[in-house]
Engineer: 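Please find one structure pasted underneath; my questions will follow.
All values derive from a computational prediction rather than experimental measurement. Read the numbers this way: they start at 1 and go in the same order the structure lists the ligands and their atoms.
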Amino acid sequence: MNKSNFIISLLLVSIISCTEKKKPEDDVALKSKGDSLINQTFDTLRNTLLKAIGEKGFPGAISFCNTEAMSLTNTYASEEITIKRTSDKLRNPANAPNSMEQEVISAYLQLIKDNGELKAILKKDDAGSNHYFKPILLQAMCLNCHGDKTTRIKPDTWEAILQKYPADAAFNYKEGDLRGIWHLTFLKNKNQ
Ligand code: HEC
C-alpha cells in the first residue's frame with residue numbers, strides 16, 4: 001500500500017469507528033430503561049410473593065415460587081428485551097448463570113471484598129446487543145426462605161424447599177448480602 005492509500009484507510013477507519021461509537025446519552029437511556037424495568041419486575045415479584053405468603057404461609061409460598069417465579073420475572077420482557085435473575089448460589093438450577101453473568105457476579109463479589117460500591121453495569125457483546133446488570137441484595141423478609149437454615153428458616157419451610165429443590169444452595173444469607181444479579185438484554189436491531 002502506498003503512502004496516500006495508507007492515509008486514506010487510516011481516515012476511513014477513524015471515521016467508521018467514530019460513527020460506530022455509542023453516544024453517552026444512549027447509555028444513560030439504556031440504564032434508565034433497565035432500572036425502571038427491574039423496579040417494575042421486582043415490585044411485581046415481591047407483591048405477588050407477599051400475597052401468596054399471606055394466603056398460604058411460607059411453606060405454601062415455596063410451591064407458588066416454584067411454578068410462578070419464572071413467568072413473573074418475564075412479565076415485562078418483550079421481543080426486544082429479555083429479563084433474567086441469576087446467582088452464584090442457586091435454588092432453581094434453571095436460573096444458572098452463563099459465562100458473562102458469572103463474570104459480573106465474580107466482579108461484584110470482588111468489589112464486596114474490597115469494600116467497593118456495587119453499581120449497575122452496562123456491557124455490549126460481540127453481536128452488538130447491550131446487557132444491563134444490577135445486584136440483587138437481600139432484604140430482611142427474604143431471610144424467611146434464604147436465611148440461616150437452622151435459626152431463620154422455619155423447619156416446615158425448609159422441608160418444602162428441599163422437596164422442590166433437593167440441591168438448594170440459596171440459604172445461610174444475611175440481610176444486605178448479594179443474592180444474585182438482574183440481567184437485562186436489549187437485543188440488537190430490535191429496538192436500537
Ligand atoms: C417464600 C419463600 C421465599 C421468599 C420469602 C423469597 N424467596 Fe427467593 N426464591 C424462593 C424460591 C422457591 C426460589 C426458586 C424459584 C424458581 O423456581 O424459579 C427463589 C429464587 C430466588 C432467586 C433466583 C435465583 C435462584 O437461586 O434460583 C433470587 C435472585 C431470589 N430468590 C431472591 C430473593 C429475594 C431478593 C427475596 C426477598 C425480596 C426473596 N428471594 C424472597 C423462595 C423465596
Side-chain angles (χ1 to χ4, degrees), residues 31 34-78 81-112 117-123 131-185:
K31 280 189 173 179
D35 275 342
S36 86
L37 281 171
I38 287 170
N39 289 341
Q40 279 174 289
T41 307
F42 180 72
D43 279 352
T44 303
L45 268 170
R46 192 170 183 277
N47 293 339
T48 325
L49 178 59
L50 285 174
K51 193 163 169 268
I53 292 168
E55 284 166 6
K56 312 170 215 264
F58 285 104
I62 299 294
S63 317
F64 168 83
C65 286
N66 182 247
T67 53
E68 305 299 326
M70 206 74 97
S71 59
L72 284 170
T73 306
N74 281 311
T75 308
Y76 302 99
S78 62
I81 298 173
T82 64
I83 304 177
K84 181 178 169 185
R85 293 189 308 168
T86 183
S87 174
D88 54 324
K89 289 183 11 172
L90 290 167
R91 179 148 289 170
N92 186 340
N95 294 322
N98 62 26
S99 58
M100 197 186 226
E101 291 161 349
Q102 190 56 66
E103 258 175 47
V104 173
I105 295 172
S106 303
Y108 281 142
L109 290 172
Q110 188 58 47
L111 267 174
I112 291 169
E117 198 189 333
L118 301 190
K119 290 191 191 144
I121 297 174
L122 193 62
K123 280 177 181 260
H131 299 261
Y132 187 57
F133 299 94
K134 255 197 135 170
I136 302 177
L137 303 178
L138 278 180
Q139 305 174 349
M141 88 80 149
C142 319
L143 301 181
N144 288 295
C145 301
H146 295 294
D148 188 303
K149 74 170 173 176
T150 44
T151 58
R152 195 62 175 79
I153 304 177
K154 299 239 167 71
D156 53 353
T157 307
W158 182 240
E159 209 174 289
I161 292 172
L162 282 189
Q163 227 169 48
K164 299 279 182 205
Y165 309 95
D168 179 45
F171 56 88
N172 282 353
Y173 283 99
K174 294 184 187 60
E175 192 176 350
D177 278 354
L178 180 76
R179 170 69 182 90
I181 56 170
W182 291 103
H183 176 192
L184 263 73
T185 308

Engineer: Among all protein heavy atoms in this structure, tell me which lies nearest to atom 14 (C) of ligand 1, with the distance rounded to 0.1 Å.
Structural biologist: Tyr165 OH, 3.3 Å
Engineer: Would you check whether Ile62 reaches within less than 4.0 Å of ligand 1, judged by its heavy atoms?
Structural biologist: yes
Engineer: Return the option from Lys89, Gln139, Arg85 holding the heavy atom at the smallest distance from atom 20 (C) of ligand 1.
Structural biologist: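 Shortest heavy-atom distance from atom 20 (C) of ligand 1: Arg85.
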Engineer: Does a side-chain heavy-atom distance below 4.5 Å link Cys65 with Leu49?
Structural biologist: yes
Engineer: Looking only at heavy atoms of Phe64, does any of them come nearer than 4.0 Å to an atom of ligand 1?
Structural biologist: no
Engineer: Please assess Trp182 against Leu37 for the test side chain to side chain contact (heavy atoms under 4.5 Å, CB included), listing each intermediate value before the final yes or no.
Structural biologist: CA-CA 10 Å; Trp182 291 103; Leu37 281 171; over 6 Å; no
Engineer: Tabulate below the donor-acceptor pairs under 3.5 Å that side-chain atoms of residues 166-176 make, not counting sequence neighbours, or state none.
Structural biologist:
unit_1, atom_1, unit_2, atom_2, d
Asp168, OD1, Arg91, NE, 2.9
Asp168, OD1, Ala170, N, 3.0
Asp168, OD2, Arg91, NE, 3.4
Asp168, OD2, Arg91, NH2, 3.0
Asn172, OD1, Lys149, N, 3.1

Engineer: Just to confirm my output: which protein heavy-atom neighbour is closest to atom 18 (O) of ligand 1, and how far is it?
Structural biologist: Asn92 ND2, 3.3 Å
Engineer: Donor-acceptor check, side chain of Asp177 to backbone of Arg179, threshold 3.5 angstrom: yes or no?
Structural biologist: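 Not confirmed, Asp177 side chain does not pair with Arg179 backbone.
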Engineer: Assess the residue pair Val104 and Lys123 against the criterion (side chain to side chain contact (heavy atoms under 4.5 Å, CB included)); give the C-alpha distance rounded to whole Å, side-chain angles, the decisive distance to 0.1 Å, and a yes or no.
Structural biologist: CA-CA 10 Å; Val104 173; Lys123 280 177 181 260; 3.8 Å; yes
Engineer: Closest approach of Ile181 and Glu101, non-hydrogen atoms and distance?
Structural biologist: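 The pair with the smallest heavy-atom distance is CD1-O, 3.8 Å.
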Engineer: Can you give me the closest heavy-atom contact between Pro59 and Thr157, atom names plus distance?
Structural biologist: CD-OG1, 3.8 Å
Engineer: Looking at side-chain heavy atoms only, is the closest gap between Glu68 and Thr48 below 4.5 Å?
Structural biologist: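 Sidechains of Thr48 and Glu68: no contact.
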Engineer: Can you see which heavy atom on Ile153 is nearest to which on Leu143, and at what distance?
Structural biologist: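 Result for this residue pair: CG1-O, 3.7 Å.
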Engineer: Which distance, rounded to the nearest 0.5 Å, do you find between the NZ of Lys134 and the CG of Asn39?
Structural biologist: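 Taking NZ in Lys134 and CG in Asn39, the distance rounds to 6.0 Å.
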Engineer: Of the backbone atoms (N, CA, C, O) and the side-chain heavy atoms from C-beta on, which set of Ile161 has a member under 4.0 Å from an atom of ligand 1: side chain, backbone, both, or neither?
Structural biologist: neither
Engineer: Quick test: of every protein heavy atom, which one is nearest to atom 23 (C) of ligand 1, and how far off is it to 0.1 Å?
Structural biologist: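 Its nearest protein heavy-atom neighbour is Asn95 ND2, 3.6 Å.
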Engineer: Please report which non-hydrogen protein atom sits nearest to atom 29 (C) of ligand 1, along with the residue it belongs to and the distance in Å to one decimal place.
Structural biologist: Ile136 CD1, 3.7 Å
Engineer: Around atom 8 (Fe) of ligand 1, how many protein N/O/S atoms fall inside 2.8 Å?
Structural biologist: 1
Engineer: Against heavy atoms of Leu138, which atoms of ligand 1 measure under 4.0 Å?
Structural biologist: 34 (C), 35 (C)
Engineer: Report the distance from atom CG of Asn92 to atom OG of Ser87, rounding to the nearest 0.5 Å.
Structural biologist: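 So the CG of Asn92 and the OG of Ser87 are separated by 11.5 Å.
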Engineer: I need the atoms of ligand 1 closer than 4.0 Å to a non-hydrogen atom of Ala61, numbered in the order shown.
Structural biologist: 1 (C)
